[in-house]
Amino acid sequence: MAEILDKVYDPQKIEAKWYDYWEKSGLFHARADGASPSYCIVIPPPNITGSLHMGHALNNTLQDILIRWKRMLGYDALWMPGTDHAGIATQNVVERMLAAEGVNRHSLGREAFIDRVWQWKGESGGTIINQLKRLGCSCDWSRERFTMDAGLSRAVREVFVRLYEEGLIYKDDYIINWCPRCRTALADLEVEHDPHEGYLYYIKYPLVGKEGALTVATTRPETLLGDTAVAVHPEDKRYKAYHGAKVRLPVLGREIPVITDPYVSLEFGTGALKITPAHDLNDFEVARRHNLPAIKVIDEEGLMTRKAGKYRGMDRFGCREKIVKDLKSDGLLEKRERYHVPVGHCYRCRTVVEPLISKQWFVAVKTLAAAAIAAVQDGRTKLIPASWDNSYFDWMTNIRDWCISRQIWWGHRIPAWTCKDCGQVIVAREDPDKCPHCGGSGLVQETDVLDTWFSSALWPFSTLGWPEQTPELKLFYPTTVLVTAFDILFFWVARMMMMGLHFMGEVPFHEVYIHALVRDPEGQKMSKSKGNVIDPLDLMAAYGTDAFRFSLAAFAAMGRDIRLSEERISGYRNFANKVWNACRFTFMNLEDFDPAAAAPDLPLTVVEAWILSRLQQVTRETGEHLEVYDFDQAANALYQFIWHEFCDWYLELIKPQLNDKTDPAARRHCQEVLLRVLNAILRLLHPFMPFITEEIWQKLPGASGSIMAASYPREEADLVNPQAEAEMGLVMATITAIRNLRGEMNVPPASQVEVFLKSADPSSLVALERHRQSLMQLSRLKELHTNAADTPAAAAKAVVEQVEIFMPLAGVIDFAEEERRLAKEMEKISKELAQAQRKLANEDFLAKAPEEVVNKEKERLQSWSEKLAKLKTHRERIKGLMG
RNA sequence: GCGGGAAUAGCUCAAUGGCUAGAGCAUCAGCCUUACAAGCUGAGGGUUGCGGGUUCGAGUCCCGUUUCCCGCUCCA
């Protein structure tokens, strides 16, 4: 016996209880016993500092849909969860807390500081995990990992040591991007270039021993303090005379050479370029070619060094103003022009990045990148959509060595030691206590930590237990698919490809599904500074998690950004309510239903054959769409079927049988089929709307256990029934046509009318006769004449396929109104007819188009002209009646 | 600057080169029809950005053009 659902669908009430139930039942746990095929997704690990934003919500909803779907299909589905230690971001958070207490990390000391970060992580680091649970994510929490936990740290060290031993990790003096606020080096990728309103300054460098000066153009006059040359293009005729000359550096008076290098552009500025090797990447490379010294005039805090002479200790921007002033008073500033300067900012704190020469650790990525390129080229890993291939190749081809050392404390400390006695560098898996070269005990460990992405790059195998050869690693690597947004394609995906291929010998994932970015309704990127951030938790509270998830899936069209509109989410909330009420209706009609009792052996009615046939097709479509990550199409197919076929038609069509208590067997049979369809619908919908489907499933007669553990519907081909679909198509079209006539002729819904049907095709009438009750009920008829010998003249008329429909409206009908309506209808049809005629009159079309297309066109022509003829006859009759 | 998208109903988006270019929301009209007013039944709404071309046939393919978005960028 079925329990009756509450009258109102209340998402908050039903969503609260199921997550615990699932988790406690162990339903998220992958068995890893090799008994069924494996399916594995590793989660893009969110930062421990993070809280759930729209990007996470979309990303994880899609993953959960895939995982729940595959799990129901019988795969041993592992969704490997975890979090990322987010070195710089986390350190910033904790440092801010310390600042509020009036201390800083240096006064605290390294050990204590790290303890403090762990403490913070314990208290606040789980926020996002709880939010993922709120979203319904069915991750295998028993396997949850963290990039700083013991196992992953061991993997990091193993990778570092091996790469070092292979010569792929090295330490060198090089110019790197430095954030003076975070006081650490950054990788090229971690610098964001934004245009900045600035100036291009033209500065005179007086010639030594001659009259005159060379004028250089620069956006950063303060760096002239570190200039060690002025470069011109070797072919530049303007400067031929100055090759080998010397100029005097303004302000400081140092003499520096004029050199020639083809790097210099002839067109830009004056064609003379100041060279500051310590503070500009290009200058650094020019200087290497010419063996020029580098003079560091800006330090790690962004302050001028003692090499800057009288400017020492000034802030770099203050120094710029002062220098410009001094140049002006010396008469050496020729002019300045307004200019858009591309300025690099730290992606974590937005501070202007300072290029600095510094000793850092690098990964030599060329060979790793080549392997990662090959894997995508030969399809071992597929990017979906493939339009990302070119960006991937482009980036991978132009990649430069990866700076992996960070001058912060929170992270994996680089396992390198320097011997104070012999000066040798030791890189080791275990902390050494004496120098293996000289036996000395004065070992000093590297203070830097590794870039956070270094550990995330190992995520697909480190989380599965590597370097141990675990059963999980064997079963789930390579993982099936990685689901991510394109903004971390290079940061993360590219690096996982490199590391996975190098250490596992196989790609980390077979497919990478790259989904859209969620934008605000105006298409703007959501950001705190713009104030247009929509909090997913608010949406879940307002519309329910199921509606929210379904919206995200329905929005997730491939290769297109998502503009989130609340109106549509509320539309899907209505859909959830619709599902709820369809179930409520079903349950109300199952009060006397005993699933254990034997089902009567009755044949399917046409209506049942039709709905089961449609169900098969929707089942097939849903699977096909999910298989290729067309989440939106899968969601829409279900929405359309459930609302507009199951609810709008099927439930209406079976009401008479359900209400007919005189034939218990037929009623019981009807209940049986209804339950069967609803059961399948819930399972089809479950990956998208896990909570509401579970809530209803638990009350569904004959269902047991969690819907999570039920099987996902598969198409039953023998139930596909084109005849039933054709017949119901005619019935529904006829009902719609009658409703249409009523509407057009302004017949009040309450008043019942008579309808006459006529057709040259007797089988149509037989079919419609079979559905007499449905026709009467759904189009509100007083009487239906399907064998009308005489059709009333004073009637409104419509034509559906071969069937003519007459609705006599004696005393009600406005002949002029009907005449106008017919004229309009005929005009529409005439247009279609003309188009078909035009096509068929075209000899090229007849000769070149495929036969079936031509035949189709002929059929269309025929049916249009028949319909037109019928309407025309009728119109004449109406006209006759009008007098 | 280089590269990639996008442009279709008032809005957000669909549409293997071939049925009358479709949905949802919004609008309008009428309905509390015993699951649902978060609902039901209808209706209106389109020169597919613009200009060419290929084709029997173009929203779809090609060229040009305009606008918008997004990446990448070592000419100061």
Side-chain angles (χ1 to χ4, degrees), chain A residues 5 7-9 188 193 200 216-220 223 231 263-276 280-285 339 341-342 355 387-388 390-391 394-395 398 400 486-487 489-490 517 519 521 523-525 543 547 554-555 557 559-565 567-568 570-589 632-633 636 639-640 644 647-648 651-652 655 659 736 739-740 742-744 746 748-750 777-780 828-829 831-832 835-836 839 842-850 852-854 856-857 859-860 864:
Chain A
L5 298 177
K7 183 162 169 63
V8 186
Y9 158 64
D188 295 340
H193 298 269
L200 189 58
V216 302
T218 181
T219 56
R220 300 195 60 197
T223 62
Y263 163 73
V264 182
S265 160
L266 291 155
E267 287 81 35
F268 193 89
T270 60
L273 170 65
K274 63 193 261 328
I275 301 295
T276 320
D280 184 282
L281 176 67
N282 302 301
D283 294 4
F284 177 82
E285 282 171 356
Y339 189 68
V341 190
S387 49
W388 287 102
N390 282 338
S391 297
D394 189 50
W395 190 79
N398 296 317
R400 297 193 329 186
F486 68 83
D487 53 351
L489 188 60
F490 307 133
L517 231 52
R519 298 176 183 282
Q524 301 285 312
K525 217 169 179 167
Y543 303 104
F555 281 133
R560 186 165 200 139
D561 282 344
I562 294 173
R563 293 193 192 194
L564 195 76
S565 81
E567 281 162 3
R568 275 192 73 181
S570 91
Y572 290 119
R573 187 261 325 262
N574 297 355
F575 174 60
N577 182 56
K578 189 74 180 175
V579 171
W580 180 264
N581 275 291
C583 294
R584 186 172 129 85
F585 169 81
T586 302
F587 287 5
M588 287 171 75
N589 283 287
D632 60 322
Q633 299 199 47
N636 285 327
Y639 179 97
Q640 203 64 25
H644 297 302
C647 291
D648 285 355
L651 292 185
E652 294 303 328
K655 276 180 181 173
N659 290 334
T736 303
R739 284 171 173 171
N740 191 317
R742 297 180 62 118
E744 297 263 325
N746 296 316
Q777 192 124 344
L778 298 182
S779 39
R780 302 189 147 249
K828 232 167 148 180
I829 293 170
K831 269 189 197 162
E832 297 304 331
Q835 200 185 338
K839 273 192 186 174
N842 184 339
E843 282 181 27
D844 281 333
F845 175 72
L846 295 174
K848 292 180 186 170
E852 50 192 87
V853 174
V854 176
K856 232 180 224 171
E857 205 59 37
E859 279 167 31
R860 286 185 57 208
W864 287 129

What distance separates [X] [atom1] from [Y] [atom2], expressed to the nearest 0.5 Å?
| X | Y | atom1 | atom2 | value |
| --- | --- | --- | --- | --- |
| A/Y263 | A/E285 | OH | CD | 9.0 Å |
| A/L200 | A/F268 | CG | CZ | 5.0 Å |
| A/Q633 | A/Q640 | CD | CD | 12.5 Å |
| A/N581 | A/N577 | CG | CG | 5.0 Å |
| A/K274 | A/D280 | NZ | CG | 8.0 Å |

Scan every strand shown for a Watson-Crick or G-U wobble partner of [N], both distances under 3.5 Å, and answer none if you come up empty.
| N | result |
| --- | --- |
| B/rC68 | B/rG5 |
| B/rG30 | B/rC40 |
| B/rU60 | none |
| B/rC11 | B/rG24 |

Touch check for [X], heavy atoms < 4.0 angstrom, all strands: base, sugar-phosphate only, or nothing?
| X | result |
| --- | --- |
| A/S570 | nothing |
| A/L651 | base |
| A/V341 | nothing |
| A/T219 | sugar-phosphate |
| A/D648 | sugar-phosphate |
| A/C583 | nothing |
| A/W388 | nothing |

Considering only side-chain heavy atoms of [X], which listed nucleotide, [options], is closest?
| X | options | result |
| --- | --- | --- |
| A/R568 | B/rU12, B/rA76, B/rG18 | B/rU12 |
| A/M588 | B/rC56, B/rA15, B/rA35 | B/rA35 |
| A/R400 | B/rA23, B/rC74, B/rU41 | B/rC74 |

Exercise: identify the closest heavy-atom pair between A/H644 and A/D648: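 Residues A/H644 and A/D648, closest heavy atoms: ND1-OD2, 2.8 Å.
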
Under-3.5 Å donor-acceptor pair between A/K856 side chain and B/rC19 base: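 It does not, because no donor-acceptor pair links the side chain of A/K856 to the base of B/rC19 below 3.5 Å.
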
Check: B/rA35 base within 3.5 Å donor-acceptor of A/E652 side chain: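 In this structure, the two groups form a donor-acceptor pair.
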
Between [X] ([atom1]) and [N] ([atom2]), how many Å, whole number?
| X | N | atom1 | atom2 | result |
| --- | --- | --- | --- | --- |
| A/F575 | B/rC25 | CZ | P | 12 Å |
| A/R780 | B/rU41 | CZ | C1' | 10 Å |
| A/F845 | B/rG17 | CZ | C1' | 13 Å |
| A/W580 | B/rA38 | CH2 | P | 17 Å |
| A/K578 | B/rG39 | NZ | P | 7 Å |
| A/R584 | B/rA35 | CZ | P | 8 Å |
| A/N574 | B/rC25 | CG | C1' | 10 Å |
| A/N842 | B/rU55 | CG | P | 13 Å |

Counting only side-chain N and O atoms of [X], is one of them less than 4.0 Å from OP1 or OP2 of [N]?
| X | N | value |
| --- | --- | --- |
| A/Y339 | B/rA76 | yes |
| A/R739 | B/rG42 | yes |
| A/N581 | B/rG39 | no |
| A/N740 | B/rA43 | yes |
| A/H193 | B/rG71 | no |
| A/K655 | B/rU33 | no |

Please measure how far the [atom1] atom in [N] lies from the corresponding atom in [M], and state the result in whole Å.
| N | M | atom1 | result |
| --- | --- | --- | --- |
| B/rG3 | B/rG53 | P | 27 Å |
| B/rG18 | B/rC61 | P | 11 Å |
| B/rC28 | B/rG45 | C1' | 11 Å |
| B/rC36 | B/rC50 | C1' | 47 Å |
| B/rG46 | B/rG22 | C1' | 12 Å |
| B/rA35 | B/rA29 | P | 28 Å |
| B/rA15 | B/rU60 | P | 14 Å |
| B/rU16 | B/rA6 | P | 13 Å |

A/R742 side chain vs A/R780 backbone, donor-acceptor pair below 3.5 Å: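 It does hold such a pair.
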
N/O donor-acceptor pair under 3.5 Å between A/R584 side chain and A/Y9 backbone: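 No, the answer is negative, given that no donor and acceptor are paired below the 3.5 Å cut-off.
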
Toward the 5' end of RNA chain B, by each residue's nearest nucleotide, A/Y263 or A/Y639: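 Checking each residue's closest nucleotide, the 5'-ward one belongs to A/Y639.
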
A/A582 or A/F268, whichever maps to the more 5' nucleotide of RNA chain B: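 Its nearest nucleotide being more 5', the pick is A/A582.
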
